[in-house]
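Everything quoted here is computed from the prediction, not taken from an experiment. Order of the sequence lines sets the chain letters (A, B, ...), proteins ahead of strands, with each chain counted from 1.
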Amino acid sequence: GNSVTQMEGPVTLSEEAFLTINCTYTATGYPSLFWYVQYPGEGLQLLLKATKADDKGSNKGFEATYRKETTSFHLEKGSVQVSDSAVYFCALSGGSYIPTFGRGTSLIVHP
Amino acid sequence: ETGVTQTPRHLVMGMTNKKSLKCEQHLGHNAMYWYKQSAKKPLELMFVYNFKEQTENNSVPSRFSPECPNSSHLFLHLHTLQPEDSALYLCASSPPEDSTDTQYFGPGTRLTVL
């Protein structure tokens, strides 16, 4: 079946540091790929998405590029803020693909 | 705020109780989902409804019984649960015009089974 694997956390960074959270997926064909974010006490919310190979999703300074050749969708941000502290989920869905999520990666940003 | 609401936000129940979780959206979405979120585990899809018809049951035990009376409301009826069923239960919906099935999540119900 389909699966999503993302790096174990927590990831701990200082404010203004560069962020990378790795995500790879297993699926045949071309699912849509997503990053969702979950703040404490809340549900998940969409951060960004990409629907086909080489597409780049971006939002609030975060970016991720759909890489079919490496089946990856790594999340990056050039300069993190304390307010970015949250849990980040990589996911795939769309068409015949049942929504499938990774385990989540906790990000902690210190001032 | 995604426009998906869930009640109650917190629920404590004994193993012999019967309770129900409610999810509501007035976003015009046609698909609704129940997920279970446990610590250290991937988000688990439980049920999917499309236009009130159940299209997915991800091998969920029968002590969880979903109900979707219309496209705006989704219930999860709970009966004789086990302590390992304690988790955050998330509802989500997705719009009919979105072929990517972008998920719009509610805030969740934190369930504790004693």
Side-chain angles (χ1 to χ4, degrees), chain A residues 1-10 21 23-27 29-53 55-59 64 66 73 86-106, chain B residues 1-10 21-25 27 29 31-50 54-60 74 87-111:
Chain A
N2 304 323
S3 65
V4 176
T5 302
Q6 57 184 109
M7 60 191 292
E8 295 281 332
I21 300 178
C23 170
T24 57
Y25 68 93
T26 302
Y30 292 85
S32 295
L33 301 177
F34 301 79
W35 279 100
Y36 291 86
V37 58
Q38 185 176 31
Y39 297 101
E42 299 182 13
L44 283 69
Q45 56 186 271
L46 176 68
L47 179 60
L48 54 84
K49 70 179 182 183
T51 59
K52 59 183 187 295
D55 263 4
K56 178 186 284 187
S58 60
N59 185 26
Y66 191 140
F73 193 55
V87 182
Y88 292 81
F89 292 87
C90 186
L92 64 84
S93 68
S96 62
Y97 300 96
I98 296 169
T100 304
F101 289 76
R103 290 177 178 264
T105 301
S106 175
Chain B
E1 177 62 49
T2 62
V4 179
T5 60
Q6 291 187 242
T7 53
R9 293 294 307 275
H10 300 272
L21 311 185
K22 180 182 177 182
C23 175
E24 188 170 352
Q25 57 89 11
L27 302 170
H29 293 178
M32 297 188 78
Y33 309 76
W34 278 117
Y35 290 88
K36 177 182 179 183
Q37 185 176 31
S38 306
K40 307 297 184 184
K41 294 176 74 173
L43 201 60
E44 300 174 55
L45 179 64
M46 301 173 72
F47 301 104
V48 181
Y49 277 82
N50 236 309
Q54 187 179 129
T55 58
E56 191 71 30
N57 177 338
N58 204 16
S59 303
V60 181
L74 183 65
L88 182 68
Y89 288 84
L90 291 164
C91 172
S93 65
S94 62
E97 70 277 9
D98 182 354
S99 62
T100 69
D101 291 336
T102 302
Q103 304 285 288
Y104 292 74
F105 285 88
T109 295
R110 173 68 62 186
L111 173 67

Does any heavy atom of chain A fall under 4.5 Å from the side chain of [X], the backbone, both, or neither of them?
X: B:Leu43; value: both
X: B:Thr102; value: both
X: B:Arg9; value: side chain
X: B:Gln37; value: side chain

Selection from A:Gln6, A:Lys49, A:Glu42 maximising heavy-atom pairs under 4.5 Å formed with chain B:
A:Lys49
Hey, which of A:Ile98, A:Val4, A:Leu92 has the most heavy atom pairs under 4.5 Å with chain B?
A:Ile98
How about A:Arg103 and B:Pro42: do any of their side-chain heavy atoms sit closer than 4.5 Å?
yes
Interchain contact, A:Gln38 with chain B, by part (heavy-atom threshold 4.5 Å)
side chain
Is it the case that more than 12 heavy atoms not belonging to B:Gln54 sit under 6.0 Å from its CD atom?
yes
Donor-acceptor pair, side chain of A:Ser93 and main chain of B:Thr100, under 3.5 angstrom:
yes
Counting distance only, does the side-chain N/O of A:Tyr36 pair as donor-acceptor with the main-chain N or O of B:Phe105 below 3.5 Å?
no
Nearest 0.5 Å, what's the CG-OG1 distance between B:Leu45 and A:Thr100?
8.0 Å
